[in-house]
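Below you'll find the structure, written out as structure tokens, and then a few comments.
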Amino acid sequence: MIPIRLHDTMAREKRLFEPADPARITLYACGPTVYNRHHVGNARAAVVFDLLSRMLRHVYGETSLVYARNVTDVDDKIIDAARAEGVEPAVITDRYEQYYLDDMGALGVRPPDIAPHATEAIPQMIAMVQRLLASGHAYQADGHVLFHVPSDPDYGALGRRDREAMIAGARVEVASYKKDPADFVLWKPSAPDVIGWDSPWGRGRPGWHIECSAMIERHLGETIDIHGGGLDLIFPHHENEIAQSRCVHGGAPLARYWMHNGFLTMAGSEKMSKSLGNVVTVGELLEQGHRGETLRLALLSAHYRQPLEWSSQLLAQSKATLDRLYRAAGDAAPGEPDGCVLEALADDLNTPLALSRLSAVENPAALRASAALLGLLESSHEQWFQGEGDARIEDLIAARAAAKARRDFAEADRIRTELAAEGVLLEDSPAGTTWRRA
Ligand SMILES: [Zn+2]
């Protein structure tokens with residue numbers, strides 16, 4: 001069995017992955033809050049943990065993994081969106097969960113084994129809050145139940161931030177009823193016209209963090225093998241999950257390995273985020289005619305822990321790479337994956353190395369099987385190229401003109417050669433480039 005090494009955020013280093021039970025490996029990734037269309041930065045986490053799940057299943061066996069990805073379907077943003085439209089929250093959450101599943105399907109992200117919904121785990125959350133109250137880690141104040149951060153001496157171990165940075169970084173609302181500014185909400189009251197559930201503390205709804213702790217315990221157990229999510233979830237979300245779970249489980253750790261993926265940036269800009277207004281949604285990219293598989297390859301082109309700069313050039317390169325790989329794979333059925341590609345992925349999902357090695361695989365059957373580890377080349381040769389008509393040729397001619405304009409003559413020649421191989425001949429003139437079939 002090939003050894004898998006994973007970078008563990010808690011340990012700050014790559015560690016050999018040794019599951020507690022190789023016959024039942026447990027993986028949990030924080031999933032979407034369903035109130036709007038998801039931008040391509042959000043999709044990166046889903047693609048990365050889909051890749052990890054494929055690797056684990058390949059190495060340990062198809063039935064060895066239990067992968068859970070939650071759906072946050074109660075949240076103040078959902079309540080606001082429902083109010084703005086004058087509908088019940090479930091109308092919003094059903095609609096955007098379906099969009100999310102469709103978008104992820106287009107990206108080749110397989111459904112997780114379990115997709116727990118927050119609204120289906122309210123009794124488990126209430127029970128966990130009760131245990132935190134009973135053990136002195138939580139208190140009631142002003143209709144809320146709060147986790148008391150100073151009650152957990154190990155709080156903050158994942159991000160290793162000092163207390164001042166955590167308080168500032170959390171931008172926690174300084175509410176007068178909090179004993180400590182870092183304390184966070186486990187349960188909060190709902191006004192009569194707001195979604196809520198009966199609880200020992202009155203009608204209300206859960207805070208965000210408790211849902212993951214309660215659903216992990218319910219579906220996967222007290223200590224899971226791998227917990228994943230985006231880098232922005234380390235604090236406060238994952239620190240809070242860790243504190244809640246450890247305090248109700250007598251100190252047992254929540255996860256044995258913690259994995260976090262980096263941000264997406266828009267070319268020449270900062271992190272892609274809704275609040276910065278520089279987002280592009282998966283839906284928009286698909287509507288523009290990009291294929292889901294092209295987006296997937298683009299998302300895997302950088303190592304998952306590195307920032308990834310999103311650009312139209314990246315998409316054009318990814319499309320060209322897939323065209324080349326589909327041509328090389330032909331109609332071959334998948335055989336055995338190439339050992340060098342597998343080795344690169346087993347080294348903390350080193351996708352840039354895996355993709356460069358993939359390009360060198362000459363045997364079509366091995367190429368298909370190796371690509372499948374990455375969730376690529378899952379269409380037939382015919383499916384990929386069908387509908388590829390004049391629009392694609394025009395796109396390539398435009399890409400060649402852009403390459404020439406930036407004096408990248410190697411790329412311009414490569415495009416000319418690629419088209420020539422398909423029997424498309426280019427003729428340059430002062431008025432531009434025209435083409436004809438040979
Ligand atoms: Zn979570």
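Read the numbers this way: they start at 1 and go in the same order the structure lists the ligands and their atoms.
- Under the 3.5 Å distance criterion, with hydrogens and angles disregarded, no donor-acceptor pair is assigned to the side chains of His209 and Glu239.
- Side chains of Glu241 and His237: a donor on one and an acceptor on the other come within 3.5 Å.
- Counting only distances under 2.8 Å, and ignoring water, the protein N, O or S atoms around the Zn ion (ligand 1) are Cys30 SG, Cys212 SG, His237 NE2, Glu241 OE2.
- For the pair Arg406 and Glu411, the salt-bridge criterion is not met [side-chain N within less than 4.0 Å of a carboxylate O].
- Among all heavy-atom pairs drawn from Ser64 and Pro22, the shortest one is CB-O, 3.5 Å.
- A donor-acceptor contact closer than 3.5 angstrom is absent between the side chains of Ser190 and Arg203.
- At a cut-off of 3.5 Å, with distance as the only test, no side-chain donor of Asn42 or Tyr100 sits close to an acceptor on the other residue.
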